[in-house]
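Here's the structure, in structure tokens; my notes come after.
Chain identifiers are assigned alphabetically (A, B, ...) following the order of the sequence lines, protein sequences preceding nucleic acid strands; residue numbering begins at 1 within each chain. From a predicted model like this one, the values you see are computed outputs, not experimental measurements. Basis for what follows: all heavy atoms, side chains included, without hydrogens, waters or symmetry-related copies.
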Amino acid sequence: MEGSFGSYTDKTRVLDIKPLRTLKPVFPSGNQAPPFVCAPPFGPFPPGFTPFYPFSSSQHTPDLNQNNTSEPSLVTPLRTFRSPPPPPPDTATNGDAVELTVKRKIPRKRTPIAQNPNFSSGITVAEKENGDRKLVMSVLTRFDALRRRLSQLEDAKESVTGIIKRPDLKAGSTCMSRGVRTNTKKRTGPVPGLEIGDVFFFRFEMCLIGLHSPSMAGIDYLVLKGGGEGEEEPIATSIVSSGYYDNDEGNPDVLVYTGQGGNADKDKQSSDQKLERGNLALEKSLVRNSPVRVIRGLKEASQSAKIYIYDGLYDVKESWVEKGKSGHNTFKYKLVRAPGQAPAFASWTEIQKWKKGLPSREGMILTDLTSGVESIGVSLVNEVDGENGPAYFTYSTTVTSFKLTQQPSYGCECGGACKPGNLNCHCIRKNGGDFPYSGNGVLVGRKGMVHECSPACLCPGCKNKVTQMGVKLKLEVFKTVNRGWGLRSWDPIRAGSFICIYAGEAIDKSQMQPTVANDDYTFDTTRVYTPFKWNYEPGLADEDGTEEMSEEPELPLPLVISAKNVGNVARFMNHSCSPNVFWQPGSYENNGQLFLQVAFFAISHIPPMTELTYDYGVTRTSGAQSLCGKKKCFCGSEFCRGSFG
DNA sequence: GAGGTATCAGCCGC
DNA sequence: CGCGGCTGATACCT
């Protein structure tokens with residue numbers, strides 16, 4: 001066995017951990033996209049109106065798969081702040097009627113997905129069957145945007161105990177039925193647009209992009225039509241390893257997987273597993289020597305979330321039957337990772353070891369370049385050359401010399417905790433009626449300005465101070481091959497997660513020295529930034545005309561920050577024309593002062609050790625309107641503009 | 001209190 | 001149509 005296994009066992013060798021993948025999310029260039037229009041729910045488009053396909057390519061083939069045959073459905077308006085569920089039909093009233101009615105099991109019929117007849121996924125029939133990277137990224141972005149929005153609306157409702165909502169399932173089924181999906185053609189082996197190391201936070205994400213179609217079951221398979229006599233035989237395409245079924249340690253390239261079925265369930269005894277469906281499919285994959293995609297699920301302590309890593313192709317090498325804990329027969333399959341694939345899960349297990357300090361990270365120069373300023377140490381690493389650190393600067397987490405007095409504003413009066421949806425709360429009102437973050441601190445949508453609660457707010461566990469709480473990820477400053485120092489994370493990052501603010505010294509632009517303008521360590525909100533769409537599409541699940549909100553930054557005044565002498569980790573983030581991070585203006589008040597800042601959030605899910613990059617924009621040049629940056633770009637993106645800054 | 005376990009609605013595919 | 005499945009969030013334990 002060449003390379004990969006050997007390097008794993010030989011701990012003396014320098015581990016060449018590469019980014020799990022290069023993220024290249026793609027968005028339509030702004031100048032092509034017509035302005036977003038809320039189409040009328042019915043009927044012909046007004047003359048001159050072009051339907052907007054937020055993420056599609058220039059091709060707008062009508063979606064023939066679109067299922068418009070269902071009756072005009074009940075539509076749940078997206079913007080409802082408090083709508084208690086309708087009381088149960090109350091047919092059989094018996095003695096215990098005093099009990100909380102919501103606890104009752106309400107016989108539900110499947111809520112039909114809002115069918116906006118004018119909605120088109122913008123994904124052609126062909127693209128739906130076979131995707132590519134661009135499409136995969138856009139489907140994931142659209143799904144998560146909707147999921148965040150549904151989650152926000154859910155948070156805003158009166159908390160009703162006993163009812164558990166699942167924004168992930170709702171968003172997933174909406175995307176499914178509206179055709180926001182790709183790679184529907186089942187296949188063994190690689191899936192177009194998927195890269196080894198891709199990370200997911202929901203099972204539904206893997207369904208939508210054709211990596212693994214069942215929303216729960218661990219084994220996915222397709223049925224091969226036999227050579228004539230009606231013979232059919234299942235063959236496995238992919239499995240999801242939950243990590244629950246003890247699959248012991250050791251070699252990350254080997255996986256022992258338990259077959260499906262036989263589990264004890266509510267009022268059901270556990271039983272022997274049968275050699276059918278998924279179990280049979282894995283058996284057939286073994287005899288046919290057919291590769292199986294493996295997704296490793298694991299509980300990530302740093303995020304208290306379940307995470308899935310696409311770990312590439314494995315071969316089924318052995319199968320056997322074992323007595324499970326319940327004493328019943330269980331199928332076991334031993335899968336071994338095909339050689340020559342980029343490390344993914346193996347890197348992950350390696351990072352877990354670094355966190356424990358054994359073995360220590362190779363190439364580590366400093367365990368914490370912030371000297372304790374950040375609550376989590378930021379390591380400094382060079383695995384490339386002999387340079388032992390960036391030029392000296394002062395580490396600070398704030399924007400200094402920046403004072404903007406204003407009339408004292410109302411403090412937050414919520415007392416307990418700001419209740420999402422409570423329009424009497426100033427925090428909520430300033431944010432346009434919506435709480436900007438979902439419960440786990442993920443930014444719901446881009447907007448002109450995110451208003452956070454004052455540091456003086458005493459609400460216990462206030463959820464509206466995300467950026468004030470500082471860096472929560474385990475970050476690393478590292479030497480890149482051709483772009484100086486860069487920034488990346490040991491932790492996987494969920495789309496919408498806060499990364500850091502841009503700290504430094506605020507500059508009065510009118511007095512700015514020309515030399516400062518050329519500085520690599522300057523953030524300037526007045527530059528021209530490539531617009532892109534990240535928020536949910538109202539038309540996807542809603543036809544009641546929730547208005548589209550602008551995603552473009554809006555600041556009361558231009559903000560120019562220099563991190564040359566004073567700054568935080570943000571000063572190390574490099575430019576990319578296909579970035580995985582965006583910046584978002586934010587503000588909060590304290591002691592009669594308004595604090596303005598620029599905060600960075602993840603565009604998409606970012607696997608560990610992937611370089612974090614954002615769009616540096618292009619300086620407006622007076623006179624000549626050429627949007628040509630001053631620096632040559634080495635981002636390596638397929639869509640590289642060639643220059644920036 | 002952190003971390004584990006029980007509970008349960010929810011969805012798609014078979 | 002009915003149900004199974006290596007969900008995922010929360011309530012409730014230790």
Side-chain angles (χ1 to χ4, degrees), chain A residues 67 85 88 100 102-113 143 147 150-151 154-155 157 159-177 181 184 186 200-208 210 212-223 232 234 236-247 255-271 273-274 276-282 292-309 311 324-325 330-333 335 438-440 442 460-461 494:
Chain A
N67 183 6
L100 272 179
V102 291
K103 263 289 185 189
R104 275 279 177 67
K105 187 159 186 182
I106 303 164
R108 262 176 320 100
K109 41 181 184 306
R110 193 169 282 200
T111 20
I113 300 298
F143 161 80
R147 188 195 59 77
L150 294 174
S151 180
E154 210 46 57
D155 289 347
K157 285 184 189 166
S159 76
V160 183
T161 48
I163 291 189
I164 303 161
K165 296 292 179 171
R166 293 286 302 274
D168 59 314
L169 297 186
K170 199 139 287 174
S173 93
T174 302
C175 288
M176 281 282 185
S177 66
R181 56 185 300 188
T184 55
K186 272 201 185 184
F200 306 93
F201 287 76
F202 295 93
R203 289 286 302 256
F204 244 114
E205 295 178 317
M206 299 184 283
C207 309
L208 292 172
H212 184 85
S213 51
S215 55
M216 277 199 198
I219 307 169
D220 193 11
Y221 59 94
L222 54 81
V223 177
E232 290 190 348
T237 56
S238 55
I239 59 171
V240 178
S241 157
S242 74
Y244 289 147
Y245 295 58
D246 66 311
N247 166 56
L255 171 65
V256 174
Y257 194 82
T258 306
Q260 62 184 194
N263 289 325
D265 201 3
K266 199 180 167 80
D267 48 63
K268 207 192 78 180
Q269 289 288 313
S270 56
S271 57
Q273 291 186 344
K274 299 189 189 73
E276 56 182 23
R277 299 174 176 228
N279 299 345
L280 182 59
L282 279 174
V292 178
R293 296 187 294 272
V294 168
I295 297 110
R296 299 273 194 162
L298 40 92
K299 194 94 179 156
E300 174 51 15
S302 67
Q303 315 226 350
S304 69
K306 190 85 176 286
I307 295 185
Y308 300 92
I309 310 158
D311 200 33
K325 280 195 209 103
T330 315
F331 288 99
K332 294 282 181 179
Y333 301 90
L335 294 97
S438 52
N440 51 10
V442 168
R494 195 190 264 241

| task | Check whether any side-chain heavy atom of Lys332(A) lies under 4.5 Å from a side-chain heavy atom of Thr258(A), and answer yes or no. | result | yes

| Under the criteria of a ring-centre distance below 5.5 Å and an interplanar angle below 30°, is Phe204(A) stacked with the base of dT7(C)? | no

| request: Measure the distance from CZ on Arg277(A) to P on dC6(C) and round it to the nearest whole Å. | output: 11 Å

| remark: note: Lys274(A), atom NZ; dC3(C), atom C1'; distance rounded to Å ~ 13 Å

| message | Could you tell me how far apart Phe143(A) (CZ) and dC11(B) (C1') are, to the nearest whole angstrom? | response | 12 Å

| To the nearest angstrom, how far is Leu150(A) atom CG from dA9(B) atom P? | 20 Å

| said: Nearest to the side chain of Lys306(A), heavy atoms from C-beta on, is which of dC14(B), dG5(C), dT7(C)? | reply: dT7(C)

| Once you round it to whole Å, what is the distance between P of dT10(C) and CG of Asp168(A)? | 11 Å

| Residues in salt bridge (Lys or Arg N to Asp or Glu O under 4.0 Å) with Lys274(A), at least two apart? | none

| field | Position toward the 5' end of DNA chain B (nearest nucleotide), Lys186(A) or Ser215(A) | value | Ser215(A)

| Over how many whole Å does the gap from Asn440(A) atom CG to dG8(C) atom C1' extend? | 12 Å

| Excluding sequence neighbours, so at least two apart, what forms side-chain contact (heavy atoms from CB on, under 4.5 Å) with Cys175(A)? | Phe143(A), Val180(A), Leu208(A), Leu540(A)

| query | Which residues satisfy the side chain to side chain donor-acceptor pair (under 3.5 Å) test with Ser151(A), sequence neighbours excluded? | reply | none

| note | Side-chain contact check for Arg203(A): nearest option of dG8(C), dC14(B), dC11(B) is dG8(C)

| Listed nucleotide nearest any side-chain atom of Lys170(A), set dC11(B), dC6(C), dG8(C) | dC11(B)

| Taking the nucleotide of DNA chain C with the closest heavy atom to each, which residue, Pro167(A) or Val240(A), is nearer the 5' end? | Val240(A)

| request: Quick one: list whatever passes salt bridge (Lys or Arg N to Asp or Glu O under 4.0 Å) with Asp168(A), sequence neighbours left out. | output: Arg166(A)

| Side-chain N,O (Tyr308(A)) to OP1/OP2 (dG8(C)) below 4.0 Å | yes

| said: Nearest whole Å is fine: how far is dT7(C) P from Leu298(A) CG? | reply: 12 Å

| field | Per Ser173(A) side chain, nearest of listed nucleotides dG8(C), dC6(C), dC12(B) | value | dC12(B)

| Exam field: side chain His212(A) to backbone Arg203(A), donor-acceptor pair closer than 3.5 Å | no

| Which nucleotide in dT7(C), dC11(B), dC6(C) has an atom nearest any side-chain atom of Thr258(A) | dC6(C)

| request: Whole angstrom is fine here: how far is it from CZ in Arg494(A) over to C1' in dG8(C)? | output: 10 Å

| said: Wobble G-U and Watson-Crick pairs count when both distances are under 3.5 Å; given that, what is the 5' to 3' dot-bracket string of DNA chain B, with | for pairing to other strands? | reply: .||||||||.||||

| query | Can you name the side chain to side chain donor-acceptor pair (under 3.5 Å) partners of Arg293(A), sequence neighbours left out? | reply | none

